[in-house]
Visitor: 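This is the structure I want to talk about, given as structure tokens.
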Amino acid sequence: MDITHYLQLRYHSVDPVILRGLRVWDTFDWGVDRDHRYLPTSQQEVLEKAAEFGIRGGLTMSMHDHRGRFAALTFASNEAHPPLLRSLTRYEKAMQLVAINVHIHARRRLAEDCVVDGITLTPREFECLKWAACGKSAWDISQILGVSKRTVTFHQENAKAKLGVRTINQAIVRMAARARS
């Protein structure tokens with residue numbers, strides 16, 4: 001299962017790891033072999049489907065920044081209780097610091113990647129343009145990102161306005177020129 005398939009099936013909306021991470025800031029282990037009788041069937045199915053693709057368990061550190069944004073650092077394994085994950089659990093506080101630093105670094109990198117000719121696009125505007133550059137229609141992009149076609153069009157229109165162009169193709173050319181420089 002790849003990320004596109006995961007998003008198309010909207011697993012992110014029922015994934016018990018994501019749902020727990022959204023609710024609280026903590027470190028937790030998870031896996032298909034745990035007792036999940038308390039989970040709704042849809043969440044159990046996500047864990048079972050992950051196991052079919054070799055993800056049987058993991059350790060997740062969730063965090064929320066001062067703006068309410070959520071991020072998580074997850075170590076996953078094809079084993080239910082691998083020794084590495086047990087070792088990481090022992091160093092929970094240190095791992096939380098690692099997770100925070102990874103999150104900060106990733107946010108900075110993503111923000112830098114969203115600059116085209118000195119103009120900063122939002123990550124979603126940039127993402128919509130990247131998918132359009134791959135030949136995807138607004139409808140295709142909406143299915144990939146799990147949003148409405150109208151939302152994709154909204155982000156693409158904002159990106160075009162910021163870049164001072166009239167068409168998506170012109171915006172893609174500006175973005176492509178940035179990648180070559």
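Count residues from 1 along the sequence.
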Visitor: When rounded to the nearest 0.5 angstrom, what is the spacing between CG in D15 and CG in L47?
Guide: 7.0 Å

Visitor: Take M61 and V98 through the test side chain to side chain contact (heavy atoms under 4.5 Å, CB included) and record every step on the way to the result.
Guide: CA-CA 10 Å; M61 287 145 278; V98 168; over 6 Å; no

Visitor: Is the backbone of P40 close enough, under 3.5 Å, to the side chain of Q43 for a donor and an acceptor to pair up by distance?
Guide: no

Visitor: In terms of hydrophobic clusters joined by side-chain contacts under 4.5 Å, are L121 and M175 together?
Guide: yes

Visitor: Report the distance from atom OG1 of T27 to atom NZ of K93, rounding to the nearest 0.5 Å.
Guide: 7.5 Å

Visitor: Indicate yes or no: at least one non-hydrogen side-chain atom of L129 is less than 4.5 angstrom from one of L163.
Guide: yes

Visitor: Do F28 and L97 land in one hydrophobic cluster if side-chain heavy atoms of ILVMFWY residues count as linked below 4.5 Å?
Guide: no

Visitor: To the nearest 0.5 angstrom, please state how far the CG atom of L73 sits from the CG atom of N101.
Guide: 11.0 Å

Visitor: Starting from I172, can I reach I119 by hopping between I/L/V/M/F/W/Y residues whose side chains sit under 4.5 Å apart?
Guide: yes

Visitor: Check this for me: does any side-chain nitrogen of one of K130 and E127 sit under 4.0 Å from a carboxylate oxygen of the other?
Guide: no

Visitor: Parallel, tilted or perpendicular: which one describes the rings of Y11 and Y6, with boundaries at 30° and 60°?
Guide: perpendicular

Visitor: If you count the non-hydrogen atoms of other residues, nucleotides and ligands that lie under 6.0 Å from NZ in K160, is the total more than 12?
Guide: yes

Visitor: Mind checking the CZ-CD spacing from R56 to E52? Nearest 0.5 Å is all I need.
Guide: 10.0 Å

Visitor: Atom CH2 of residue position W25 - does it have more than 12 heavy atoms of other residues, nucleotides or ligands inside 6.0 Å?
Guide: yes

Visitor: Give, for atom OG of S87 and atom CG of L59, the distance between the pair rounded to the nearest 0.5 Å.
Guide: 11.0 Å

Visitor: What's the shortest heavy-atom distance between K149 and S142, and which atoms?
Guide: N-CB, 3.5 Å

Visitor: With a sphere of 6.0 Å drawn around CZ of F70, does it hold more than 12 non-hydrogen atoms of other residues, nucleotides or ligands?
Guide: yes

Visitor: Considering all heavy atoms of both residues, which atom of T60 and which atom of A72 are nearest to each other, and what is their separation?
Guide: CG2-CB, 3.9 Å

Visitor: Give the intermediate values and the outcome of side chain to side chain contact (heavy atoms under 4.5 Å, CB included) for residues F75 and M95.
Guide: CA-CA 11 Å; F75 296 90; M95 293 309 300; 3.6 Å; yes

Visitor: When rounded to the nearest 0.5 angstrom, what distance separates NZ in K136 from CD1 in I141?
Guide: 9.0 Å

Visitor: So, does T74 use its side chain to make a donor-acceptor pair with the main chain of A76 at under 3.5 Å?
Guide: no

Visitor: State plainly whether one hydrophobic cluster holds both W30 and L19, where clusters connect Ile, Leu, Val, Met, Phe, Trp and Tyr through side-chain heavy atoms under 4.5 angstrom apart.
Guide: no

Visitor: Applying side chain to side chain contact (heavy atoms under 4.5 Å, CB included) to D140 and W131, what does each step give before you reach the verdict?
Guide: CA-CA 9 Å; D140 294 332; W131 281 113; over 6 Å; no

Visitor: Of all the heavy-atom pairs spanning G21 and H64, show the shortest one and how long it is.
Guide: O-NE2, 2.9 Å

Visitor: Take atom CZ in F154; do more than 12 heavy atoms of anything else shown fall under 6.0 Å from it?
Guide: no

Visitor: For the pair V14 and E45, evaluate side chain to side chain contact (heavy atoms under 4.5 Å, CB included) and give the outcome as yes or no after the intermediate values.
Guide: CA-CA 9 Å; V14 294; E45 288 173 3; over 6 Å; no

Visitor: Would you kindly confirm whether F126 and I168 end up in one hydrophobic cluster when ILVMFWY residues are joined by side chain heavy atoms under 4.5 Å apart?
Guide: yes

Visitor: Using every non-hydrogen atom in the two residues, find where H155 and C128 come nearest and quote the distance to one decimal.
Guide: CB-SG, 3.9 Å

Visitor: Over all heavy atoms of both residues, which pair between H103 and A71 is shortest? Give the atoms and the distance, please.
Guide: ND1-CB, 3.0 Å

Visitor: Check N158, V147, T151 against R124 for a side chain to side chain contact (heavy atoms under 4.5 Å, CB included) and give me the one that passes.
Guide: V147

Visitor: Please examine the side chains of C114 and T122, heavy atoms only from C-beta on, and report whether any two atoms are closer than 4.5 Å.
Guide: no

